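Let me begin by presenting the structure, written as structure tokens, before commenting on it.
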Amino acid sequence: MDNCIFCKIANKQIPSTIVYENDRVMAFKDINPVAPVHILIIPKTHIASVNDLDRDNVGVLVDIHLAAKEIAARLGIAEKGFRLINNCGPDAGQTVFHLHYHLIGGTCLGPKII
Ligand code: AMP
Ligand code: ZN
């Protein structure tokens, strides 16, 4: 989609530090990390948010979770643990409207909100 920064990252029109990629998903370092490990995992196709998932495209969540598992193992944080976070919509603080999951870890994370 035009003017979507994460579509441009997926298409390699703008640079990112890619840590994982296959036909369907890409993962890259967050430009403003909040923890020693802060990776964004996105579908290569444009889906704006969880609100836009449906039976036809929801399979990408399987790929995103398998990517998260693989990345965590590669980075050595699988056993200690990590968070996989999605912000959906303005009240959740979503700022980029291309579906993404934050993989955060590498330190003892703060208190859980939920
Ligand atoms: P959210 O607030 O859940 O929409 O998260 C958007 C995330 O995208 C933020 O953590 C930003 O730091 C990150 N971000 C925005 N632009 C870029 C970029 N060009 N490369 C990497 N991360 C980015
Ligand atoms: Zn997009």
Side-chain angles (χ1 to χ4, degrees):
M1 171 177 274
D2 292 348
N3 290 326
C4 171
I5 190 166
F6 286 0
C7 280
K8 288 179 179 166
I9 286 176
N11 294 330
K12 298 179 182 161
Q13 293 171 269
I14 64 172
S16 67
T17 305
I18 298 168
V19 298
Y20 180 97
E21 183 176 11
N22 66 24
D23 292 351
R24 298 169 298 281
V25 301
M26 178 185 281
F28 52 93
K29 290 187 180 181
D30 195 293
I31 204 167
N32 187 23
V34 299
V37 174
H38 188 168
I39 306 293
L40 299 174
I41 311 173
I42 66 168
K44 287 190 169 178
T45 56
H46 185 84
I47 299 168
S49 79
V50 166
N51 285 332
D52 298 286
L53 290 170
D54 57 36
R55 289 270 168 208
D56 292 332
N57 65 18
V58 74
V60 76
L61 295 189
V62 173
D63 298 296
I64 287 170
H65 276 77
L66 291 175
K69 174 186 162 183
E70 174 74 24
I71 294 162
R74 279 191 208 164
L75 297 179
I77 63 168
E79 298 308 319
K80 283 201 158 193
F82 57 89
R83 287 192 185 142
L84 196 57
I85 296 168
N86 171 261
N87 297 316
C88 179
D91 274 5
Q94 184 177 6
T95 58
V96 178
F97 282 79
H98 179 125
L99 183 69
H100 55 279
Y101 284 73
H102 300 254
L103 191 169
I104 296 171
T107 188
C108 190
L109 298 165
K112 292 191 290 182
I113 296 171
I114 54 165

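Quantities reported herein were computed from a predicted structural model and do not represent experimental measurements. We count residues from 1, following the sequence as given.
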**Fill in**
For I113, the hydrophobic cluster (side chain heavy atoms closer than 4.5 Å, chained through members) also holds I114
**Asked** Does N11 have any side chain to side chain donor-acceptor pair (under 3.5 Å) partners at least two apart in sequence or in another chain, and if so, which?
**Response** Q13
**Asked** Could you give the distance from CG (L99) to CG (N86), rounded to the nearest 0.5 Å?
**Response** 6.0 Å
Could you list the donor-acceptor pairs under 3.5 angstrom formed between side-chain atoms of residues 52-60 and any protein atom two or more places apart in sequence or on another chain?
unit_1: D52; atom_1: OD2; unit_2: S49; atom_2: N; d: 3.3
unit_1: D54; atom_1: OD1; unit_2: D56; atom_2: N; d: 2.9
unit_1: D54; atom_1: OD1; unit_2: N57; atom_2: N; d: 3.0
unit_1: N57; atom_1: OD1; unit_2: D54; atom_2: N; d: 2.8
unit_1: N57; atom_1: ND2; unit_2: D52; atom_2: O; d: 3.1

**Item:** Co-membership, hydrophobic cluster, residues F97 and F6, 4.5 Å side-chain
**Value:** no
Show me the side-chain donor-acceptor pairs of residues 66-73 shorter than 3.5 Å, one per line, residues at least two apart or across chains.
unit_1: E70; atom_1: OE2; unit_2: R74; atom_2: NE; d: 3.1

**Prompt:** Are M1 and V96 linked, directly or through other ILVMFWY residues, by side chains that come within less than 4.5 angstrom of each other?
**Reply:** no
**Message:** I need the full list of salt bridge (charged side-chain N to carboxylate O under 4.0 Å, His left out) pairs touching residues 13-23, with sequence neighbours left out, sorted by first then second residue.
**Reply:** K12-E21, E21-K44
**Straight-line distance of T17 OG1 to I9 CD1, nearest 0.5 Å** = 9.5 Å
**Interatomic distance, L103 atom CG to I64 atom CD1 [nearest 0.5 angstrom]** = 11.5 Å
Ignoring hydrogens and angles, write down the donor-acceptor pairs under 3.5 Å from the side chains of residues 77-84, residues two or more places apart or on other chains.
unit_1: R83; atom_1: NH2; unit_2: G110; atom_2: O; d: 2.7

**Asked** Is V19 reachable from I41 through a run of hydrophobic residues whose side-chain heavy atoms are each under 4.5 Å from the next?
**Response** yes
**Asked** For H65, which residues count as a ring pair (Phe, Tyr, Trp, His ring centres under 6.0 Å) partner, sequence neighbours excluded?
**Response** none
**Request:** With rounding to the nearest 0.5 Å, note down the distance linking CG in D63 to OH in Y20.
**Result:** 7.5 Å
**Request:** Report yes if some heavy atom in the side chain of H102 is under 4.5 Å from a heavy atom in the side chain of L40; otherwise report no.
**Result:** yes
**Message:** Membership question, hydrophobic clusters at under 4.5 Å side-chain separation (ILVMFWY): are I14 and I42 in the same one?
**Reply:** yes
**Message:** Please determine whether ring-ring contact (aromatic ring centres under 6.0 Å, His included) holds for the pair H100 and H98, giving the CA-CA distance in whole Å, both sets of side-chain angles, and the decisive distance to 0.1 Å.
**Reply:** CA-CA 6 Å; H100 55 279; H98 179 125; 8.0 Å; no
Side-chain donor-acceptor pairs of residues 28-35 under 3.5 Å, sequence neighbours excluded:
unit_1: D30; atom_1: OD1; unit_2: N32; atom_2: N; d: 2.8
unit_1: D30; atom_1: OD2; unit_2: H38; atom_2: NE2; d: 3.3

**Contacts of N87 that satisfy side chain to side chain donor-acceptor pair (under 3.5 Å) - sequence neighbours left out** = none
**Request:** Kindly work out whether a path of hydrophobic side-chain contacts (I/L/V/M/F/W/Y, heavy atoms less than 4.5 Å apart) joins I5 to I18.
**Result:** yes
